[in-house]
Undergrad: 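My questions will all concern the structure given below.
Convention: sequence-line order gives letters A, B, ...; per-chain numbering from 1.
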Amino acid sequence: MKTSTSQVREARSPETGRRRQGWRAGDLALIAVFAALIATMGMLPAIPVGGVGVPITLQSLAVILTGLVLGPARGFAATALYVVVGLIGIPVFAGFTGGIGVLAKPSAGYIIAFPLVSALAGLLALIVVRKMKRAWHIPLLFVAGLLASFTFMHPLGIAGIMVNAGLDLRAAIAADAIFIPGDVIKNVVAALIAGTVHRAFPDLLARRRA
Amino acid sequence: MSVLQLDGAAVAVTDLDGDSKTVLAPTSLTLTERRISVIGANGSGKSTLLRLLNGLVMPSEGSVTIDGLDTRKDGAKVRRRVGFVFTDPAAQLVMPTGREDVELSLRRLEKDPRARSRRAMAALERFGLAELAEQSVYELSGGERQLLAIATVLAVEPTVLVLDEPTTLLDLRNRELVRSLLAGLDQQMVLATHDLDLALDADRSLVIDDGRVAFDGSPAAAVAWYRQLVAAEIPLERRK
Amino acid sequence: MSVLQLDGAAVAVTDLDGDSKTVLAPTSLTLTERRISVIGANGSGKSTLLRLLNGLVMPSEGSVTIDGLDTRKDGAKVRRRVGFVFTDPAAQLVMPTGREDVELSLRRLEKDPRARSRRAMAALERFGLAELAEQSVYELSGGERQLLAIATVLAVEPTVLVLDEPTTLLDLRNRELVRSLLAGLDQQMVLATHDLDLALDADRSLVIDDGRVAFDGSPAAAVAWYRQLVAAEIPLERRK
Amino acid sequence: MTHRSALLGRYVQGNSWLHRAPVWSKLLGIAVFSLVVFLHEGVWLSLGLLILAAAAGLSSGVRSTMLLVPLALLWPVLLLLFGYHWWLQGPLAAAQIVIDIVSVVLTASLITLTTPSQRLLDALVAMARPLRPLGADPERFGLSVGLMIRSVPHLIGLGHQVRDSAKARGLERNPRAVLLPVVVNAVAYAQATGDALAARGLGERDDGSA
Ligand SMILES: Nc1ncnc2c1ncn2[C@@H]1O[C@H](COP(=O)(O)OP(=O)(O)OP(=O)(O)O)[C@@H](O)[C@H]1O
Ligand SMILES: Nc1ncnc2c1ncn2[C@@H]1O[C@H](COP(=O)(O)OP(=O)(O)OP(=O)(O)O)[C@@H](O)[C@H]1O
Ligand SMILES: O=C(O)CCCC[C@@H]1SC[C@@H]2NC(=O)N[C@@H]21
Ligand SMILES: [Mg+2]
Ligand SMILES: [Mg+2]
């Protein structure tokens, strides 16, 4: 995977063309800042809906955005960092909750899914911004985010509701379905933002260097 | 003094449409003087040249070595030797207070927390910042903040200090303060600036024009050369 | 000319410890001159005074009115009349490229997208930035970015221009360019700067010291007064 | 001159039992506390836990104005949540939810208020050390968490700054001129931070040449 910040422009070792040793300071900073961004967006008021106690939040937007902007590896790391900090007990989850106890809540499945969503969205985004024409970036980034949501976020979310709220599959799917319209809109917003970010910072993912 | 060497080092960037643009033409230089100043127009390539020296930018062609260490292969080692001070001190300070920021710098050198804390205070003392050690960096004045930024970089004892317009955001007094501080340092120093008085205070000067070293020599001659370059252009017409 | 009026306007901020701190003492001023310059040390309160003028900062006491419009009640109207250029261009630019940024500014004035695009390019041309119109603003040099920030604000032709150290990152030539452009504008202008030559180019000057207007009068007298203030201090000793 | 909010508080010098307690015990403390808050039932127990948290806060020697900073920032959200849950589940349940949030936020902020950031970093590094065989780099993990904590208030400040610059151009009602620039500026901030770390030789894999 190619990772470099705008001014630190070495990704592959020029001799072998193989992946270089590891993350640089710039990557570390991006991971930390995006983990903070997810936490900050999680602080915006969560809207409780339905009976199972999983709210509508902006975390899902932030998690997809993190993947689309940072790519698979850093995206996964950023979201995983956020989840780990929350599990330690810092109140960064929806409605200022935190601690290992959230794993017993109906929303646990979503939380576990977050890093995977970022990783898959990031992998697809990497392909999109590297291989596709610029005009297609935003629509395809939207598809990338949506695919990641439907591969991990919603299935794991449903599983979590079944296990922790004791609902059967049908009821759990129904409980999750409430989020779908909102999540589609969030994917549109995430794609719009990510497409623009890649134009402002081509070195983030888009630019290939000889 | 260290030997800062550019061997045909060039920087080119590709934009999103795949077009390549040269930011710095192939340049060969050997810098061994104690104080080197770099002047030139906006967008001429000063910051790019400076960033090459500690591997914040990698050459797309040629190589850059510091005392024989290649920025490409030994990046981490080079950056330990070459400290970098940015124009905006706010971008440089990453911790809430001065002491914490210097301690962060020292983490690699000093594993014992108490010794680290002592060394941090000593470093601050040296710049007359001891009283401000516990203050939020946002509550410092511009000059204090720039001094602190320089202190955090010097705390790890680099042999070379690269400074990109370190006095532009400062008022008269603070500019004087930073200037006299720099004059008193033992480190080798490469400094880009639009302040021609500051540029005169050097052993060697480079004028960068449109991505190449257009003049290389004594500071007085370089400043004269640059003034002439500016005067020669049709006013209000942009270079390039 | 517009009438910019401060009636006992003061600014207090709460710092990280929850303490209240006076940044600007109660100030009464009526500014009607075409060009007003503001000088003073780092942290004296220049930016705060400027920000009061277009409602970016609200007075914690007293009031600020622009042609009778209170910044507190008619904030949106005031800001449409008073354009603001930040020192830090990154704080100003919100879109990925220069052209898009200027177009965003123009949205309110020009509904037709093609005309808007044309006007944006014309605005960039004026500052010699046409070639850089499609480049990411985050890949411009410091000076190029500052020029762009000025261009985006001038493009909407506000009736009053407030500029907070607009030339700090510029080279000799671009500083001259901005100075002559500003001199040629009909708009009323309030400008804070550490460049005393630029400050002299005004009809009235204010010196701010430690959160109050310490001098108010002719530019030449103000600059002399400020130089004296700086000289009076014991060197290397920090203010406050 | 951006507004800096200090949701997580910042270190206040002192010599209370909380200041002297080892960092790991404080982290364990908040982990246990958040678990108890999560598991318990009933508004009275909630109130008891809040009193416990407040007592810990007051005994730390940190001035109460600083303890109240998070509340000063959060009260609109809390009011909203209270109203909403009252309507949904009645006043007692609503009170419990709000009280729980306050006590978790308070205990979490006590960690940063009574622990110098470098000691927090040292503790995080020590915690990650057992994971070294798995390829983890404890020093860089600690640095990432430290940067994340540091970035939250910065991002909130960024939100204000971006609103300012949109306002300065008369774009107050343009959402495009708020969310997008926050993310773009967050990337720029991350890059500046990465450069600042790299410029001091920090955040890079230690090759033993220190
Ligand atoms: N990543 C990049 N992509 C495209 N162009 C770039 C990139 N980085 C720098 N440039 C361009 O290279 C030129 C040199 O930039 P540099 O920052 O080195 O200038 P500078 O001499 O430091 O200018 P200033 O005095 O304004 O700071 C500028 O025209 C800039 O637009
Ligand atoms: N939101 C805030 N919180 C705390 N302190 C503040 C805040 N805003 C301003 N200050 C303080 O108020 C003082 C005046 O700040 P201001 O930015 O107006 O100074 P200035 O004259 O523009 O300085 P400079 O020349 O460095 O730009 C400074 O000491 C600053 O630290
Ligand atoms: O408790 C948490 O912090 C996790 C909340 C998860 C909410 C999920 S994310 C996907 C779906 N879309 C929403 O808006 N909310 C749920
Ligand atoms: Mg530069
Ligand atoms: Mg200012």
Undergrad: With a sphere of 6.0 Å drawn around CZ of C:Arg34, does it hold more than 12 non-hydrogen atoms of other residues, nucleotides or ligands?
TA: yes
Undergrad: Is chain B contacted by the side chain of C:Gln135, its backbone, both, or neither, given a heavy-atom distance below 4.5 Å?
TA: side chain
Undergrad: Grab the two heavy atoms, one from B:Asn42 and one from C:Ser141, that are nearest each other, plus how far apart they are.
TA: C-OG, 4.1 Å
Undergrad: If you tally heavy-atom pairs under 4.5 Å against chain B, which of C:Leu196, C:Thr193, C:Asp195, C:Leu170 wins?
TA: C:Leu170
Undergrad: Considering only heavy atoms and a distance below 4.5 Å, find which of C:Leu169, C:Asp88, C:Leu181 pairs most often with chain B.
TA: C:Leu169
Undergrad: Give a yes or no on this: more than 12 heavy atoms of other residues, nucleotides or ligands lie within 6.0 Å of atom CZ of B:Arg126.
TA: no
Undergrad: More than 12 heavy atoms of other residues, nucleotides or ligands under 6.0 Å from CZ of C:Arg179: yes or no?
TA: yes
Undergrad: Check whether more than 12 heavy atoms from other residues, nucleotides or ligands sit under 6.0 Å from atom CZ of B:Arg212, and answer yes or no.
TA: no
Undergrad: Compare every heavy atom of C:Arg173 with every heavy atom of B:Val230, then report the nearest pair and how far apart it is.
TA: O-NH2, 2.5 Å
Undergrad: Counting only non-hydrogen atoms closer than 4.5 Å, does B:Arg175 touch chain C with its backbone (N, CA, C, O), its side chain (CB onward), both, or neither?
TA: side chain
Undergrad: Could you measure the distance from the NZ atom of C:Lys46 to the CG atom of B:Asp171? Nearest 0.5 Å is fine.
TA: 6.5 Å
Undergrad: Select one option (side chain, backbone, both, neither) describing which atoms of C:Thr87 are under 4.5 Å from chain B's heavy atoms.
TA: side chain
Undergrad: Please state whether the side chain, the backbone, both or neither of B:Ser47 comes within less than 4.5 Å of a heavy atom of chain C.
TA: neither
